[in-house]
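Each remark here refers to the structure printed beneath this line.
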Amino acid sequence: MSAPHLEVAAPTTPGTGLGSPATDVAVPGTAPAPAARAHVVGRAEDVPAGEGRAFVAGGVQVAVFRLRDGSLHATQAACPHAGGPLADGQTDPDVLVCPLHLYGFRWTDGTSTGGVGPLRLYPVRETDGLLVVEV
């Protein structure tokens, strides 16, 4: 008698793939995720204080925000709930709110304030007037 065959189900929430930083799930026998690489996505002046903008960094769609205090944050571009355009969302010092269904996500760790899947966060910085995102 042979051992039962087990399959790994594919995740249905964008940004939460197996082995992705959003879930930290390692699957035995799979290659480790490639190391993050820095990508210039635009000029610092492209993102005014209190707003967000969508960019592509290394083939990954990201949303970059400059809060009113000047701090920068980067997330996946689409809401994990229904794919809403997060760059159009509202922000405060603690939370990003998706414009479609008003789900909130914490800047500290990407967790939802409303019970949907986590948001993937990316390191972002300003260097010599350019926005650099690591994906």
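Scope of the values below: all heavy atoms of this structure, side chains included, with no hydrogens, waters or symmetry mates.
- Tracing side-chain contacts under 4.5 Å through hydrophobic residues (I, L, V, M, F, W, Y), one reaches Val116 starting from Leu96; they form part of the same cluster.
- Applying the salt bridge (charged side-chain N to carboxylate O under 4.0 Å, His left out) definition to pairs two or more places apart or across chains, those involving residues 41-51 are Arg43-Glu45, Arg43-Asp46, Glu51-Arg53.
- The shortest heavy-atom contact between Val64 and Leu131 is CG1-CD1, 4.3 Å.
- Identified under the salt bridge (charged side-chain N to carboxylate O under 4.0 Å, His left out) test for residues 107-119, with sequence neighbours left out: none.
- Residues that satisfy the side-chain contact (heavy atoms from CB on, under 4.5 Å) test with Asp128, not counting sequence neighbours, are absent from this structure.
- Within the 4.5 Å cutoff, no side-chain heavy atoms of Val124 are placed close to those of Phe65.
- The heavy-atom pair separating Pro80 from Pro118 by the smallest distance is CG-O, 3.5 Å.
- Taking each heavy atom of Gly84 and Cys98 in turn, the nearest pair found is CA-SG, 4.1 Å.
- For His73, the ring pair (Phe, Tyr, Trp, His ring centres under 6.0 Å) criterion is met by Trp107, not counting sequence neighbours.
- Closest approach of His39 and Gly58 over heavy atoms only: CE1-CA, 3.5 Å.
- Using a 4.5 Å cut-off between side-chain heavy atoms of Ile, Leu, Val, Met, Phe, Trp and Tyr, with links allowed through other members, Val47 and Val133 fall into the same hydrophobic cluster.
- Residues forming a side-chain contact (heavy atoms from CB on, under 4.5 Å) with Glu126 (at least two apart in sequence, or on another chain): Ala44, Arg66, Leu72.
- Residues satisfying the side-chain hydrogen bond (donor to acceptor under 3.5 Å, both in side chains) criterion with Asp94, sequence neighbours excluded, are absent altogether.
- Checked against side-chain contact (heavy atoms from CB on, under 4.5 Å), Asp88 has the following partners two or more places apart in sequence or in another chain: Pro85, Pro99.
- In plain terms, the two heavy atoms of Arg125 and Glu134 that are nearest each other are NH1-OE2, 2.9 Å.
- Taking a 4.5 Å side-chain heavy-atom cut-off between Ile, Leu, Val, Met, Phe, Trp and Tyr, the cluster of Val40 extends to Leu130, Val132.
- Membership of the apolar cluster around Val95 extends to Val97, Leu102, as traced through chained side-chain contacts below 4.5 Å between ILVMFWY residues.
- Not a single side-chain hydrogen bond (donor to acceptor under 3.5 Å, both in side chains) links Gln61 to another residue, sequence neighbours left out.
- Val60 pairs by the side-chain contact (heavy atoms from CB on, under 4.5 Å) definition with Val62, Tyr122, Val135, not counting sequence neighbours.
- Taking each heavy atom of Gly114 and Tyr103 in turn, the nearest pair found is O-CE2, 3.5 Å.
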